[in-house]
2 protein chains.
Amino acid sequence: MRITYKGDYALKAVLALSLKYGSSVVTIHDLAKDADIPIKFLEQVLLELKRGGFVDSRRGKIGGYFLVKPPHKIKIGDIVRFIDGPIEPIACLEKGYTGCRDIYKCAFRHIWQDVSSAISNIIDNVNFQELAAQVNLKQQVLTYSI
Amino acid sequence: MRITYKGDYALKAVLALSLKYGSSVVTIHDLAKDADIPIKFLEQVLLELKRGGFVDSRRGKIGGYFLVKPPHKIKIGDIVRFIDGPIEPIACLEKGYTGCRDIYKCAFRHIWQDVSSAISNIIDNVNFQELAAQVNLKQQVLTYSI
DNA sequence: TACTATCTCTATAAGATTAGTAGAGTATAC
DNA sequence: GTATACTCTACTAATCTTATAGAGATAGTA
């Protein structure tokens, strides 16, 4: 299990859209600029998120992207799994792995299952409303301190 | 962070050597056969483990590999980190990552640090003596049940 | 209608990583 | 001196990652 740049970009995009949820759409251009993401790459990521039912879009002059579901119903784990695949830290947890012929010797399997569970426990316990709230709080602190 | 086949093979090899620690050496041939690993690939893995100070070898007719340290002093995490690199589930934890220009917006970083810690807590809490004991126990149960 | 801003879709590609293969060389026991 | 086992370097096919390119579709508005 590894979060790729694609997954990283997807998380950042969903967070940015969470901050605008219910108020306005955001263009790919703005998303790319704010998060410093190559715009053509971000296009693909957003299309994928759209096909996954996480975001929707409006074309034309006042077009842009917006979240379909409220931020508190989207967990980090949802995005990570959708973009980067299931949480399997090692091949031996995947379907079709044949490397443990003698099941009595596969002493590692339950450890990787533990790792997998531990990761899920973390990334399935944070939603984008909480993240957005943190960002807003930090922005405030930043503003006051200036 | 992902355990590759190389890491998987290294763990299996170290476990096999743990079972023989203090009694005998094991040839690459036997290790490869027991764990169903391509022999030429395993050669490279063992040489790497040797350079890492985990195993040593003896050449010639009664040659083979053996553990340098006692199994209870080798943790799964030691082998994983040595073969597959540090526990970084995402690029943003690596040195030189520049994707979070605005640190106040990097809401994800501490989550990935939590994930990293959770993984370490698991793989640094199991040593090869424990694993070997489990294998021995299972072998016994298997023998009795036949 | 023409224009422009925006999203949509498919193709391509360079670079890195992974998993494995090949073969010649070196040391040791007998 | 010969068989056995480890040592070392190079090579390679396939896949994944991270983009880039460009033509097309849609919507608002002057």
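Excluded from the calculations below are hydrogen atoms, water molecules and symmetry mates; all remaining heavy atoms, backbone and side chain alike, are included. Just so it is clear, the structure is predicted and the values come from calculations on it, not from any experiment.
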Using a 4.0 Å heavy-atom cut-off across all strands, classify I62(A) as base, sugar-phosphate, or nothing.
sugar-phosphate

Roughly, in whole Å, what's the span from NZ in K50(B) to P in dT26(C)?
15 Å

What is the separation between atom CG on L42(A) and atom P on dT8(C), rounded to the nearest whole Å?
12 Å

Can you give the first and last nucleotides of DNA chain D, 5' to 3', that have an atom under 4.0 Å from a heavy atom of chain A?
dT17(D) to dG28(D)

Is the shortest side-chain N to carboxylate O distance from R81(B) to D124(B) below 4.0 Å?
yes

Round to the nearest Å and state the distance from Y65(A) atom OH to dA5(C) atom P.
18 Å

What is the distance, to the nearest angstrom, from the NZ atom on K40(B) to the P atom on dA24(C)?
11 Å

Within the modelled atom types, does a donor on one side and an acceptor on the other bring the side chain of Q44(B) and the base of dT21(C) under 3.5 Å apart?
yes

Would you indicate whether the side-chain heavy atoms of L15(B) and F108(A) approach each other to under 4.5 Å?
yes

F41(A) vs V26(B), nearer the 5' end of DNA chain D by closest nucleotide:
V26(B)

Flag the pair L131(B) / S18(B) as yes when at least one side-chain heavy-atom distance between them is below 4.5 Å, and no otherwise.
no

Atom CD1 of I83(B) and atom C1' of dT17(C) are separated, to the nearest Å, by 15 Å

Heavy-atom nearest nucleotide on DNA chain C taken for D84(B) and for E43(B); more 5' hit belongs to D84(B)

Starting at CD1 of I39(A) and ending at C1' of dC7(C), how long is that distance when rounded to a whole Å?
11 Å

Which pairs count as salt bridge (Lys or Arg N to Asp or Glu O under 4.0 Å) when at least one residue sits in residues 2-26 of chain B, sequence neighbours excluded?
E94(A)-R2(B), K6(B)-E48(B), D8(B)-K12(B)

Using a 4.5 Å cut-off on heavy atoms from C-beta on, say whether the side chain of I62(A) contacts that of V25(A).
no

Counting the atoms with a prime plus P, OP1 and OP2 as sugar-phosphate, which does R2(A) contact under 4.0 Å by heavy atoms, base, sugar-phosphate, or nothing?
nothing

With F66(B) via ring pair (Phe, Tyr, Trp, His ring centres under 6.0 Å) - residues at least two apart
none

Check the phosphate of dA5(C) against T27(A), side-chain N and O only, distance under 4.0 Å to OP1 or OP2. Yes or no?
no

Could you work out, with ring pair (Phe, Tyr, Trp, His ring centres under 6.0 Å) as the rule, every residue matching Y21(A), not counting sequence neighbours?
none

Considering every strand and a 4.0 Å limit on heavy-atom distances, what is the contact class for L46(B): base, sugar-phosphate, or nothing?
nothing

What is the distance, rounded to the nearest whole Å, between atom CG of L47(A) and atom C1' of dC9(C)?
8 Å

Does K73(A) NZ have over 12 foreign heavy atoms under 6.0 Å away?
no

Under the rule for ring pair (Phe, Tyr, Trp, His ring centres under 6.0 Å), what residues qualify as partners of F128(A), not counting sequence neighbours?
none

Decide yes or no for I87(A) and I123(A): does some side-chain heavy atom of the first lie under 4.5 Å from some side-chain heavy atom of the second?
yes

What nucleotide, of dG25(C), dC7(C), dT21(C), holds the atom closest to the side chain of R59(B)?
dG25(C)

Mind listing the residues from residues 3-13 of chain A sitting with a heavy atom below 4.0 Å of DNA chain D? Number order is fine.
T4(A), Y5(A), K6(A), Y9(A)

